[in-house]
Structure formats: C-alpha cells, structure tokens
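Below is one structure, written out as structure tokens; comments come after it.
Predicted model only: the values in this text are computed from it and were never measured.
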Amino acid sequence: MTPVELSRTVLGAVRRAVDAGELRVDVPERVVVAPPGAGGVGDYATNIALQLARPAGQPPLRVAELLRPHLVDADGITGVEITGPGFLNIRLDQGVAAALVRRILDEGPARYGHSDALAGQVYVLRVPYEVRAEVVADVLARMVASQGARVEIRQQKQQKQQEQQTLHKDDTHEILDVRLVPAPQDPTPLGPDAARWALLHPAPSDRPRITAVDHLVQREGNPLFRVRYAHARTRAVVRNAADLGFTPEPGAAEARTPLLPLLTDYPRILTTAATTATTTATGTTAPPHPRPTATAAPARLARHLVAVADAVLDLLPATLPRGDEKPTAAHRARLALAEAAGTVLAGGLSLLGIDAPDHL
C-alpha cells in the first residue's frame, strides 16, 4: 500500500464516519500520511483528526476515536493506535510489506516509482544562464519525465514572443521559472558527481557549499558518501549471500523497520515536481501543472535518499548469518529488503544524474 493509496483509505474512513452521522464536516480533498515522528508508532501516521477537530466542533482525541474503527476494518491495515493530541498511527499488513519489496525488485531502478500519470503533458522549464539552475532544471526534467510528461528546457533570454506563440498553439504546455540561490563558485573541480550533489542537496533558498571537505572526504558527515556507500554495501551483501548459498526472498521479518515507509514513499517523492489532474470540490477537473515548490523536488529527492541510506545501513549488520548460524527466512527477508533499498538508491541517484557504484 503506497502513501497515496493509504491517503485514499483514510479519506474513505472520514467519508464513512460522515455518512454514519458520527462527524459533521466536509470531507477534505486530500489527507497527508507520513512515517510517524517522535513518539509515534506503526508504519504511518496522519493528523487528520486534528485537521477536522475545529470544523467538527469536537476535541481531536474524540475525532480520532470516531475514525479509528473505520480504519481498522480497511484492507491492508492490521492496527491503528492514537498517540499525542490525536495522531492516528497505522500498522500495515505484513503481507503488504513483502509485496512492496517484491514489486521493487521486479520493477528495478528504472521502473519503480515511474508512471505515465502525466502522459501527453508538456512542461517548459525557463532557466537562467547559471550552473545551479541548469543542473536543477535537468533533474526536474528527469523527474517529470519519469511520470510520463515531456519537458522542454529554455534559456530565459529566448524571445518571449516565440514562447507565447508556442503556448497558444498547445494549451497543455505548462511553464515554470527555475529560480534559486546561485552557486557561489564553479563546482567543476569537485568532479561531476560531487558537483551535482553540492548543487542539488541544499534547499533552493540555501546557498550551496562548494568545498572538497564537504563533498569529497569519505566520512559519515558527507551525505553523498553515505548514500553511495549504502548502495555499494547492499550490492556487497547480495554477493556475499550468494557465496553462502542463499538468495533474497521477500518476507515479513522486518515489517516494522523504518526503511519500509521510506521505500513506499519513494514514488510520491518523484511526483513532487508536478501535479496530476485533480478533481476540485465543484466537480471540475483541474489540469496537471508544475507545483509552486517544484524547484525543491531535487533537494527533496536527495534528502530522501539520505534517509533511505541511513535506514538500510542500520539493517545491514543483521542481514547475513554470523559464525555457524544457518541462513533463515528472516535472513532472506532482510536481504530482499536491503536489495530493494539498493534499488531505490540506484534509481534515485540516476535521476539526480549521479553514478551509483557497486564497489566503493
């Protein structure tokens, strides 16, 4: 179950509570679900009860208590706990976790998270003559293309009259100006991979740090090193397992690891550069368009990969048998989960235009 699917499930629970007369609110258009924060439990959490409390005229805890039974009965959900002021913490069926890992391994880095949701759309990225803007635009184009759209990158000095004529010919064109804090110096001396990371990892409003100590030194404080090291380690444990005579097999042994929500959330991260067609409250369909925060999508992807890397590095020590221990179903499940994480890291780095080495 992806975050999008779970969001729809939560919306369905709200709708059922409204239909039953338990809540008197307008059903929202969307619900945010995310891995639980500090003090949370389970696989995902949502603040929908806090969001609905004021319009419902009830305390958030009461709203959460009303929604909980409708969620517990949903397919793919095995438990719902209420924490804090009214957060709903959701546990997913362990079979869902195994299915997710199997899907990632089957689709591979070039397909997992990709879709044709934006097929037929044309996005125009208008870019200034500046190295960071050009690199961010390149990654935006890759991310939007991963969802089926076609992207045109144009320099801002091109004649606007010609651009407007193009837009009049086909109203499916959507335009986005790529604006962010420019690089303070030429990143080329860092090498192609570190240079791109130095420009992509910071938020658009942050000034990039173009220094060798930040991006070339192989240490824990270097996020690019952690991501690439984690990918190389996932490939190494798969090779080592083969030497020991066993292979990955998706299972439920690690269904509670924080890695699973991160892998599940990866497809959503790829969609953050542009919206898909949505149905408004009046029943009309709004066309796809670039998100106002689209220029932050590459940084969001880079930081998501760091979170995946940190989670899988915590998992790896328990992946292979130790000493005279024989491989078990749990080892095979952890190995499959580690390989799935490596698949996501490879796919994300590819979209960032950065190499994902098997040996490091």
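Nearest heavy atoms, P298 versus L200: CB-CD2, 3.9 Å. Heavy-atom minimum distance, P187 versus I210: CA-CG2, 3.6 Å. Closest approach of L66 to E22, counting heavy atoms only: CD1-O, 3.5 Å. Annotation for G86 and A49: closest pair O-CB, 3.4 Å, computed over non-hydrogen atoms. In terms of heavy atoms, H201 sits closest to A299 at O-CB, 3.6 Å. When all heavy atoms are compared, the tightest approach of R142 to L351 is CD-O, 2.8 Å.
Between V31 and Q51, the closest side-chain pair of non-hydrogen atoms is not below 4.5 Å. Within the 4.5 Å cutoff, side-chain heavy atoms of I90 are placed close to those of V10. Inter-residue side-chain proximity for F87 and V41 is flagged as unmet; no heavy-atom pair is nearer than 4.5 Å. Side-chain contact between L11 and P28: present, with at least one pair of heavy atoms (C-beta onward) separated by less than 4.5 Å. The shortest distance between side-chain heavy atoms of L260 and L337 falls below 4.5 Å. For the pair L67/L23, a side-chain contact is recorded, criterion being any heavy-atom separation below 4.5 Å from C-beta on. Side-chain contact check for P202 versus R132: some heavy-atom pair is nearer than 4.5 Å. P55 places none of its side-chain heavy atoms less than 4.5 Å from the side chain of D26.
Just one residue in the list V136, I354, L352 forms a side chain to side chain contact (heavy atoms under 4.5 Å, CB included) with R196, and that residue is I354. None of T272, L349, L270 except one satisfies the side chain to side chain contact (heavy atoms under 4.5 Å, CB included) rule with L301; the exception is L270.
Using a distance-only test at 3.5 Å, with no hydrogens or angles considered, a donor-acceptor pair links the side chain of R68 to the main chain of V80. Remark: the backbone N or O of L262 is paired with a side-chain donor or acceptor of H304 at under 3.5 angstrom. Looking only at distances, a side-chain donor or acceptor of T9 sits under 3.5 Å from a matching main-chain atom of E5. Side-chain N or O atoms of R209 include none that pairs as donor or acceptor with a backbone N or O of D214 at under 3.5 Å. In this structure, the side chain of R91 does not engage the main chain of T78 through any donor-acceptor pair within 3.5 Å. In terms of modelled atom types and a separation under 3.5 Å, the side chain of N89 and the main chain of A45 share no donor-acceptor contact. Between the side chain of S350 and the backbone N or O of A346 there is no donor-acceptor pair closer than 3.5 Å. R150 contributes no side-chain N or O that, together with a main-chain N or O of V122, makes up a donor-acceptor pair within less than 3.5 Å.
Under a hydrophobic clustering in which Ile, Leu, Val, Met, Phe, Trp and Tyr are joined whenever their side-chain heavy atoms come within less than 4.5 Å, directly or via other members, I77 and V72 fall into the same cluster. Hydrophobic clustering places L305 together with L360 (ILVMFWY residues linked when any side-chain heavy atoms are closer than 4.5 Å, directly or through intermediates). Residues V63 and L50 do not share a hydrophobic cluster, defined by chaining ILVMFWY side chains whose heavy atoms lie under 4.5 Å apart.
To the nearest 0.5 angstrom, H331 atom NE2 is 14.0 Å from T247 atom OG1. With values rounded to the nearest 0.5 angstrom, L316 atom CG is found 9.5 Å from L335 atom CG. Taking NE2 from H215 and CH2 from W197, the interatomic distance works out to 10.0 Å, rounded to the nearest 0.5 Å. Separating the CD1 atom in I104 from the OG1 atom in T343 is a distance of 7.0 Å, to the nearest 0.5 Å. Expressed to the nearest 0.5 Å, how far CD of Q147 lies from CD of Q121 amounts to 12.5 Å. Rounding to the nearest 0.5 Å places OH of Y123 at 12.0 Å from CG of L140.
In this view, R207 satisfies the salt bridge (charged side-chain N to carboxylate O under 4.0 Å, His left out) rule with no residue, not counting sequence neighbours. Shown here are the salt bridge (charged side-chain N to carboxylate O under 4.0 Å, His left out) partners of R54, two or more places apart in sequence or in another chain: there are none. For Y266, the ring pair (Phe, Tyr, Trp, His ring centres under 6.0 Å) partners at least two apart in sequence or on another chain are Y112. For R62, the salt bridge (charged side-chain N to carboxylate O under 4.0 Å, His left out) partners two or more places apart in sequence, or in a different chain, are E65.
When the shell of 6.0 Å around CZ of R303 is examined, it contains more than 12 heavy atoms from other residues, nucleotides or ligands.
Salt-bridge check for R16 with D73: failed, with every basic side-chain N at 4.0 Å or more from each acidic carboxylate O. We find that R102 and E249 are joined by a salt bridge, their nearest charged nitrogen and carboxylate oxygen being less than 4.0 Å apart.
Residues in residues 316-331 take part in no salt bridge (charged side-chain N to carboxylate O under 4.0 Å, His left out) pair, two or more places apart or across chains.
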Between T46 and L6, does the side-chain contact (heavy atoms from CB on, under 4.5 Å) criterion hold? Intermediate values first, please. CA-CA 10 Å; T46 177; L6 183 56; over 6 Å; no
Would R15 and H70 count as a side-chain contact (heavy atoms from CB on, under 4.5 Å) here? Give the steps. CA-CA 9 Å; R15 191 170 292 109; H70 297 286; over 6 Å; no
Working note: I82 + L88, criterion side-chain contact (heavy atoms from CB on, under 4.5 Å); need CA distance, chi angles, decisive distance, verdict. CA-CA 5 Å; I82 301 171; L88 288 162; 3.9 Å; yes
Derivation of the side-chain contact (heavy atoms from CB on, under 4.5 Å) call for V213 and R219: CA-CA 10 Å; V213 69; R219 60 178 184 176; 4.0 Å; yes
Which side-chain N or O atoms in residues 227-241 pair as donor and acceptor under 3.5 Å with protein atoms at least two apart or in another chain?
{"residue": "R228", "atom": "NE", "partner": "D355", "partner atom": "O", "Å": "3.2"}
{"residue": "R228", "atom": "NH2", "partner": "D193", "partner atom": "OD2", "Å": "3.3"}
{"residue": "H231", "atom": "ND1", "partner": "P357", "partner atom": "O", "Å": "2.9"}
{"residue": "T234", "atom": "OG1", "partner": "H231", "partner atom": "O", "Å": "2.6"}
{"residue": "R239", "atom": "NH2", "partner": "H359", "partner atom": "ND1", "Å": "3.4"}
{"residue": "N240", "atom": "ND2", "partner": "A236", "partner atom": "O", "Å": "3.3"}

